[in-house]
Amino acid sequence: MNIIVCIKQVPDPEIPPVKFQIDPEGKKVIPPDGVTPVISVFDERAVEAALKLKDKYKAKVTALTLGPDSAKAVIRHALAMGVDAGVHIQYEAAGELDSFGTAHVLMKAIEKIGDYSLVLCGRQAADWDAGQVGLLIAENLGIPVVTVAKKVDLQDDKLRVESVIQDGYHVMEVSMPALVTVSSEIGLSRLPTGIGIVKAARVKIENLSVEDIGADIPEARCTELIKLYVPVRDIQCQIIEADTVQESAEELAVRLREAKII
Amino acid sequence: MEISREVFWNIEYGLLVYVGLLLPLLIGYAIYRRYSLWQLGKAEDRFEQGRIKAFITEAIGILLHKRLLGIGPLPVSPRELYAGAMHFLIFWGIVLLLVVTALVAVHDHVVKFMHGTPYLVISFLGELGGILALAGIIMAGVRRYVQRPDKLDSKLDDAVTLVLLFLLIVTGFVLEALRISATVPTPEWERWSFIGFGIASVLGMEKVSLLPWHKGVWWFHVIIFYGAAIYFCLSWSKLFHIIISPVNIFFRSLRPKGALVPIEGIEEAESFGAEGIKDFTWKQLLDLDACSNCGRCQDNCPAYLSGKPLSPKKLIQDMKISMEAAGNVHEEEPRALIGEVIPDDDIWSCTTCRACQEVCPVYVEHIDKIIEMRRNLTLTQSRMPEALEAMVGNLFSRGHPWTGAQFIRLRGDWMEGLDLNMLGEKKEIDTLFWVGCTGALADRNAEVTRSLARILKSAGVEFAVIGAEEPCCGDPSRRIGFEILFHEQVQQNIETFRKNNVKRIITACPHCFNTIKNEYPQYGGEFEVLHHTQVLADLLRNGKLKTGGGGEFKRITYHDPCYLGRHNNIYSEPRYVLDRLALPDVIEMSRFGRHARCCGGGGGRIWMEEPVGTKINRMRTDDAIETGAELVITACPFCLQMFEEGIGAKGPDNTALTALDIVEVVEKGLA
Amino acid sequence: MAECKGVMICAELADKKLCAITTELLGIGRILADDLGEELSVLLMGSEVNALSQEHIACGADKVYVVDDPLLESFNSDAYTEVAANICRQVSPSIMLLGQTDMGRDLAPRLAARLGGGLAMDCIDLSIDPETKLMLQTRPVFGGNANAEMITRNARPQMATIRPKTMSALEKDDSRQGEVVAMEAGVDSSIIKARIIETVQEEIEGIKLEEAEVIVTGGRGIGSAEAFEIVRELANVLSAATGATRAACDEGMAPATIQVGQTGKIVGPNLYIAIALSGAVQHLAGCSGSKHIVAINTDPDAHIFKVSEFGIVADYKEVLPPLIEKCKALMAE
């Protein structure tokens with residue numbers, strides 16, 4: 001079984017809100033100094049899902065990313081976790097693409113890699129939070145898709161996917177090839193192992209340009225960003241400080257009661 | 001009549017004792033059997049230049065029992081002194097006896113010289129040796145079977161050894177007494193053999209009737225001697241430490257104390273560290289035989305003392321059993337070293353504080369063994385405590401070990417408002433102030449960092465900082481065994497230093513200090529590395545810093561960080577700095593200097609939970625409180641955090657203790 | 001694309017009733033349609049759902065396209081995508097809105113791909129630009145750290161999904177008139193590639209998060225599944241639902257079903273008590289609709305205090321027992 005996992009490099013989503021800065025003119029986020037970009041968390045879980053399958057069945061897992069030169073770091077990360085190969089579609093302006101453009105390029109890349117049974121994506125990226133790319137790739141490739149998976153397994157040559165819904169989950173069955181988007185419910189992703197890191201350093205990441213895979217970046221984007229701003233919250237928090245913690249707690253209950261909140 | 005005596009007097013076939021010349025063969029065979037066990041281990045080069053010179057220098061100290069008796073700047077406790085004195089007596093007693101015996105043999109076969117005064121002196125020395133050894137053996141018996149300290153676990157071998165030695169010496173004296181008694185007339189000069197003469201006067205003088213007794217006891221004495229020798233050789237008794245300890249000391253590590261060994265060929269390796277006993281080097285296995293089970297390590301181990309399952313002594317002894325099992329072809333499946341012989345928890349309990357190695361009389365290298373097993377756990381087996389996984393995850397994705405879903409600070413935040421030179425901006429600045437992750441990211445430690453930056457500026461020290469881009473030095477990765485990450489970090493850092501023409505590095509963290517100073521050279525990174533205590537001492541010495549007020553504390557104590565003290569021998573600089581300030585004298589804690597108790601934060605422990613036993617940092621806080629001090633001063637960001645936690649746990653009602661970094665104390669005390 | 005006209009919303013049903021999100025979609029759809037001076041239509045897919053058409057009209061729709069087919073009994077992505085695409089091609093709406101729900105998250109991108117429309121997910125505000133007459137879509141990005149305003153200039157339809165509880169429903173008016181158009185599904189079961197074999201409902205103790213007036217949520221700082229009990233205890237006293245952050249769920253302190261946040265439940269209670277959680281923006285994205293937020297955290301710099309009305313800086317283990325007792329006493333009064 002060949003599995004392709006699409007992963008994205010994003011600014012560390014755990015940057016404290018006070019450090020979060022944007023450039024309203026350029027409609028861009030200014031990453032704070034010294035904060036290295038990371039693999040988007042749901043994508044990391046998608047890698048984990050692929051590796052779980054690899055542990056259980058024989059599978060070759062290829063990590064695929066689209067991004068500038070720096071993005072190969074996330075391929076290294078996935079390799080260190082245990083994937084077998086990496087493909088980096090190097091495109092410095094990847095950040096300017098909308099979901100449709102991104103999905104188009106990734107679709108072309110997946111076709112170029114070829115011979116796949118399963119494509120895994122994170123349910124959404126931790127930067128623009130669109131949650132579209134996986135589904136768009138599936139539509140472009142014309143393969144079935146299951147979203148927000150908490151478990152991916154095989155049963156009689158078909159995929160068994162547990163797809164998270166409001167109050168539980170669906171157990172879905174789908175034949176391959178298919179695309180599955182993975183959610184955090186799949187479980188924490190494994191750490192890179194020592195062996196993994198050593199081996200990762202030996203794997204040559206395949207570096208391709210958009211031309212190499214025959215993708216044509218559309219002139220006009222479907223959706224256009226016209227404004228980016230940091231929303232203002234103007235709440236003044238009243239910190240309740242009595243002599244003891246117990247008194248503070250009781251004071252809180254009283255205040256809430258007085259304000260008729262409870 | 002000439003003052004002398006006849007060798008083998010009253011004894012026929014006395015020359016049979018020279019069968020003893022075969023003893024070296026027996027000993028050689030015993031050692032050969034053990035040697036084949038050590039050969040199970042991997043190769044390691046311990047034949048560097050300068051080893052012989054180092055051994056000779058060390059041998060004098062060892063013969064004088066410096067470590068055991070606490071001779072030098074830092075004394076040992078009364079209990080340790082007792083054990084040291086005991087060993088001193090037995091050692092020198094037996095040495096005297098052997099020398100006397102050898103001289104007698106020389107007299108008999110080579111040169112007859114034992115006449116007159118030489119004979120008397122030698123007789124006297126023999127008596128002295130016997131009495132010293134006997135006293136030592138009795139002390140040992142009392143200690144082992146009456147006092148029974150926790151660190152000793154008595155095996156049959158211990159009893160057999162003591163009894164055999166005791167019998168040998170007692171029969172030696174009795175033999176002498178019988179000889180004196182049975183000699184007619186009794187020479188007056190035999191009074192020099194004061195013990196023998198004493199016993200003889202009880203038996204009565206000039207009693208020819210005792211001649212058969214003399215013969216009997218003589219044979220008994222000789223048989224015990226050979227019996228003992230055969231027993232020692234075949235059972236590989238602990239007495240073999242007489243031979244193995246010097247060998248082990250000869251091959252002891254000459255690396256800087258704080259440096260771990262890199263994994264060779266890490267980039268091509270398929271497995272890492274030590275999974276089984278054969279993955280250790282021959283020297284690490286030799287250590288196992290050199291250990292004489294004295295328990296000094298255990299007595300000083302913060303993990304053991306705080307109720308953790310780890311005991312460095314037990315670790316070595318258990319590994320020795322593994323080694324013997326591995327050498328025994330008949331043993332079916334030896335138990336797994338990691339997990340079965342040595343539980344994971346033991347491996348993770350170590351703070352790498354080096355207290356065990358510092359007191360070990362035979363230079364066993366405990367930390368190296370633990371790190372080898374950690375390397376295997378983290379790198380090959382990917383098995384580590386959950387909290388460490390989070391830490392490693394952080395090192396990977398963020399480049400520093402500090403967790404936090406929302407880390408509030410960023411690495412450059414501490415610089416705010418300080419107007420510092422950034423590395424690379426001014427070419428002429430070749431001094432780097434290396435802050436360290438903890439000093440940059442933890443709020444409390446960032447205060448220290450800022451304080452140090454202000455002091456350096458006010459003293460006119462020209463330095464640059466890396467700021468937000470400063471990565472981790474690699475100490476956390478290396479101490480938890482995640483060598484591959486360390487391997488990458490070091491190389492990157494050295495490149496940064498070289499690119500920016502860094503010559504001198506001032507660190508605020510003893511862990512960074514140790515790693516950059518002692519471990520970067522393994523990768524060709526040679527820089528002048530200074531800890532802030534050294535810099536402060538220098539600045540005070542040259543008058544660049546002028547002291548003034550700051551005397552608000554009445555009683556102060558100083559905590560030696562392990563990686564500053566034990567690992568790098570920096571004890572006097574911080575004390576000098578404190579001495580120069582308008583502060584009362586430092587009241588030392590019960591465990592200080594070389595024996596200082598670890599705060600509990602080293603070896604990656606600061607990132608781990610500590611569910612078993614007492615928390616080490618709270619014990620250390622109690623040590624500080626015991627001195628009656630209001631202020632405990634340290635020089636390490638981990639120690640500071642650990643003290644603050646310990647003080648917080650006590651609560652303000654129970655202690656008035658405050659913890660400060662020495663930097664903060666200096667800043668308060670400047671004019 | 002002059003032929004594209006009108007605003008269409010995709011209705012969502014539960015137990016043969018309109019979901020709250022449907023009325024919210026109708027509410028915002030009505031505003032957009034009025035601003036454009038165009039009609040607001042509903043795409044109603046289901047089985048035996050004709051009777052619900054009138055209710056959609058009462059909530060603001062001008063026209064209801066009903067696709068009544070047993071195959072559409074419950075949401076199935078393959079069938080719904082195919083049907084919705086068919087209808088949209090026939091109706092050619094200029095704007096197509098869905099809810100940011102299990103269904104919308106799945107359906108909207110697939111539909112956009114098939115129709116070639118432009119899509120903005122999880123919008124919290126929609127409006128019509130008076131000059132260009134284009135739909136302005138505001139959506140939180142970077143986990144809620146920033147808001148982005150987007151437009152779809154040329155592609156049609158201009159699609160968006162809206163975050164639950166961010167738009168207001170209209171007052172229901174049964175006297176409103178509208179047209180009901182029956183449409184053919186035109187698909188059979190062969191279209192379904194990903195089959196639902198089983199639906200597992202995970203029991204949630206007590207009150208549902210989405211419906212709760214009060215929610216008590218614990219974060220990673222709670223420490224363990226056992227320690228989480230005290231959070232539930234406070235919830236019980238306040239007749240509240242219990243929530244947890246993603247970090248707490250990830251570490252197994254609480255089931256994923258009670259996760260509040262961007263990728264969990266989006267809630268908007270009257271009172272939200274945040275315990276031992278730092279207030280990651282991704283979490284706030286799920287609870288910022290709350291009217292009153294109270295925070296208990298040991299770290300005075302925790303971000304949660306920046307969005308809270310009341311706060312206590314202390315260890316929750318010390319705060320909760322007296323708080324529970326006091327609340328019990330007050331509630332008994």
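Naming convention: chains lettered A, B, ... in sequence-line order (proteins, then strands); numbering from 1 in each chain.
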Proximity breakdown for A:Tyr229 and chain C, heavy-atom pairs closer than 4.5 Å: both
Region of A:Val41 that comes under 4.5 Å of a non-hydrogen atom in chain C: side chain
Pairs satisfying side-chain hydrogen bond (donor to acceptor under 3.5 Å, both in side chains), at least one member in residues 237-249 of chain A, at least two apart: A:Gln238-A:Arg255, A:Gln246-A:Glu250
Residue selection (most heavy-atom pairs with chain C, distance under 4.5 Å) from A:Met172, A:Lys150, A:Glu139: A:Glu139
Value rounded to 0.5 Å, distance of CD1 in A:Ile240 from CZ in C:Phe310: 6.0 Å
Chain C contact via A:Val254 - side chain, backbone, both or neither, heavy atoms under 4.5 Å: both
Under 4.5 Å from a heavy atom of chain A, the part of C:Thr81 involved: side chain
Min side-chain heavy-atom separation A:Ser99-C:Leu119 under 4.5 Å: no
Under 4.5 Å from any heavy atom of chain A - which part of C:Asp250: both
Contacting region of A:Leu225 [heavy-atom separation from chain C under 4.5 Å]: both
Segment of C:Asp122 engaging chain A (4.5 angstrom heavy-atom cut-off): neither
Heavy-atom check, side chain of A:Asp129 versus side chain of C:Arg139, under 4.5 Å: yes
Engaged part of A:Val10 at the chain C interface, taking heavy atoms whose separation is under 4.5 Å: neither
Side chain proximity check, A:Ile226 to C:Leu136, heavy atoms < 4.5 angstrom: yes
Those residues of residues 190-199 of chain C, ordered by number, that approach chain A below 4.5 Å (heavy atom to heavy atom): C:Lys193, C:Ala194, C:Arg195, C:Ile196, C:Ile197, C:Glu198, C:Thr199
Interface moiety of A:Ala126 toward chain C, non-hydrogen atoms closer than 4.5 Å: backbone
When C:Arg114, C:Lys306, C:Met331 are compared by non-hydrogen pairs under 4.5 Å with chain A, the top option: C:Arg114
